[in-house]
2 protein chains.
Amino acid sequence: MARPRTPLLSRERIVTAALQLVDAEGLAALSTRRLATELSVSGPSLYNHFATKDELLDAVVDGVMGEVDLSMFARGPAGAAVPWPEALRDWARSYRAALAAHPNIVPVLAQGPGRRPNALRLADAVFGCLVEAGWPRGQATRIGALMRYFVAGSALASFAAGFPEDAGVYDATDYPHLGEAHRLAEHRGAIDEGAFETGLEALLEGLALRYERTVRGAGTGGTAEATGSVRTTGAGTGRTAEAPGTGRTTGA
Amino acid sequence: MARPRTPLLSRERIVTAALQLVDAEGLAALSTRRLATELSVSGPSLYNHFATKDELLDAVVDGVMGEVDLSMFARGPAGAAVPWPEALRDWARSYRAALAAHPNIVPVLAQGPGRRPNALRLADAVFGCLVEAGWPRGQATRIGALMRYFVAGSALASFAAGFPEDAGVYDATDYPHLGEAHRLAEHRGAIDEGAFETGLEALLEGLALRYERTVRGAGTGGTAEATGSVRTTGAGTGRTAEAPGTGRTTGA
DNA sequence: ACCTGAACACCGTTCAAGT
DNA sequence: ACCTGAACACCGTTCAAGT
């Protein structure tokens, strides 16, 4: 054997096979040797294309991130932007769909963008949309973060499937309210999607209230010129106090 | 050597050492052999106390879940219950604090309660609180799920720390809005906490609106006798439609 | 009952050797 | 440039042997 006329492997072929393996058998099944076998090649061959297994995983993760639709953050032909709550909703659904298609990779993906271009593009688009809608930069940072918390959490694992189907688990003395929990797994798809949609609407409605109190109410008028200072109006609920030290921190 | 007069190990000692190791060096550092070395014992000794490494991990995870405060779901002396939004807020903060103290274990923990008693107790308490507040069972299930999504997502990894501190990463042409992103990691604690608090308030405010529309507005009056049917009032935003098939599914 | 060392089938990664 | 087999230091787990 040794070097063939036409290469047996390519980064793309390796990444595709790795994602298939992770989807089918979980993150633990992804070993360099197993992957090499799947590609009909010997273990060390992979090191001609990726320096380490981590670098390979990074490529797999960024491939998934690349499937997320970001078009709702682009301006229309006349320079018109989609209103931020609509854009955020559409993006969150696309983001969740991309992750939910590959749940086993989410723990890796959720570690942050790192140096992965698709993940950075995503963070840039979300932050830019919010700042241009008039959100102060500190607030825009937090909203980007909390949206990611929610989407990543919802794709990390099925809530419903986490409850064993064995009814014997749910002793009525220990868990008086879980009498029907053994039936959760059977409806997992609908329950997880319903929970995601309910949470997404609640989040967006809550953020819209905050927007009215702190952005429109503060007189910046929703233009691109955000002041960076947040007037927590006295008319608030008293629970919207800023976290210490984040009033006008960094961007993104 | 062989068997000593007084046992060298106990499940508790093993679990404590395992959590320390995961906290200090990450999930990948937790190998049975490494853990055994840490406990001054040979590798196979652990198998006298746990059948598999997975069983050991389960015990570590449930130990962390045991640190979550559930007292806000208990009734007071006169049978009075804390209002559900307050209870949910206090619980979410305690839940996040417990997970954020051990972020490296969150990917395992987020897989669902399984058969772990502390995780099941938690699910039972949250679901019971919501149902007794008048939420239909299907809705209570989804709210339990979406709260877990948010808390798990927020503890899974630091949003802020996911952005490299190397300013060279953020090319202005590729990422026009990330010019300050290299400073995120330095404020990670405050940013992550601010994002969590902002999201928690938004979520609770959004859910309170839904409660008024579907529970109080539907006339069940907040008693324990929930009907299970959700009247999505025509006065809604038009975006609160139920996910298909989850109208009156299972409990928990 | 509880610990030990030896052994088995795995890992990620390096490296010299082949074309 | 791109693949190979051999080798190194690791894994989780089993098992016979010790007390």
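Protein chains get the first letters and strands the later ones, always in sequence-line order, with residue 1 at the start of each. Both backbone and side-chain heavy atoms feed into the values below; hydrogens, waters and symmetry mates do not.
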- Query: In which stems does DNA chain C show up, taking only runs of three or more Watson-Crick or G-U wobble pairs whose two distances fall under 3.5 Å?
  - Reply: C:4-8 with D:12-16, C:12-16 with D:4-8
Spacing of [X] atom [atom1] relative to [N] atom [atom2], expressed in whole Å:
X	N	atom1	atom2	result
B:Leu39	C:dT4	CG	C1'	16 Å
A:Asn48	D:dC3	CG	P	6 Å
A:Leu46	D:dA1	CG	P	19 Å
B:Leu8	D:dT19	CG	C1'	13 Å
B:Ile14	C:dC3	CD1	C1'	12 Å
A:Phe50	D:dA1	CZ	P	18 Å

- Message: Check the phosphate of C:dC3 against B:His49, side-chain N and O only, distance under 4.0 Å to OP1 or OP2. Yes or no?
- Response: yes
- Message: Strictly below 4.0 Å: does A:Ser42 bring a side-chain N or O up to OP1 or OP2 of D:dT4?
- Response: yes
Which heavy atom of [X] sits nearest to which heavy atom of [Y], and what is that distance?
X	Y	answer
B:Pro176	A:Asp124	CD-OD2, 3.1 Å
B:Arg148	B:Pro113	NH1-CD, 4.5 Å
B:Leu9	B:Ser45	CD1-CB, 4.0 Å

- Message: Both conditions, 6.0 Å and 45 degrees, for the charged tip of B:Arg96 above the ring of B:Phe196: are they met here?
- Response: yes
Listed pairs, N/O of protein and of nucleotides 12-16 of chain D, under 3.5 Å:
from: D:dG12; atom 1: OP1; to: B:Thr32; atom 2: N; distance (Å): 3.1
from: D:dG12; atom 1: OP1; to: B:Lys53; atom 2: NZ; distance (Å): 3.1
from: D:dG12; atom 1: OP2; to: B:Thr32; atom 2: N; distance (Å): 2.7
from: D:dG12; atom 1: OP2; to: B:Thr32; atom 2: OG1; distance (Å): 2.6
from: D:dG12; atom 1: OP2; to: B:Arg33; atom 2: N; distance (Å): 3.4
from: D:dG12; atom 1: N7; to: B:Arg33; atom 2: NH1; distance (Å): 2.5
from: D:dG12; atom 1: O6; to: B:Arg33; atom 2: NH1; distance (Å): 2.6
from: D:dT13; atom 1: OP2; to: B:Tyr47; atom 2: OH; distance (Å): 2.5
from: D:dT13; atom 1: OP2; to: B:Lys53; atom 2: N; distance (Å): 2.9
from: D:dT13; atom 1: O5'; to: B:Tyr47; atom 2: OH; distance (Å): 3.1

- Result for side-chain contact (heavy atoms from CB on, under 4.5 Å) between B:Val126 and one of B:Trp84, B:Phe73, B:Tyr95 points to B:Phe73
- Message: Between A:Arg137 (side chain only) and A:Phe127 (backbone N and O only), is there a donor and an acceptor less than 3.5 Å apart?
- Response: no
- Message: Has A:Asn118 got a side-chain atom pairing as donor or acceptor with A:Asp62's backbone, closer than 3.5 angstrom?
- Response: yes
- Answer yes or no: does atom CD of A:Glu12 have more than 12 heavy-atom neighbours from other residues, nucleotides or ligands under 6.0 Å? no
- Do other residues, nucleotides or ligands put more than 12 heavy atoms under 6.0 Å from B:Glu55 CD? yes
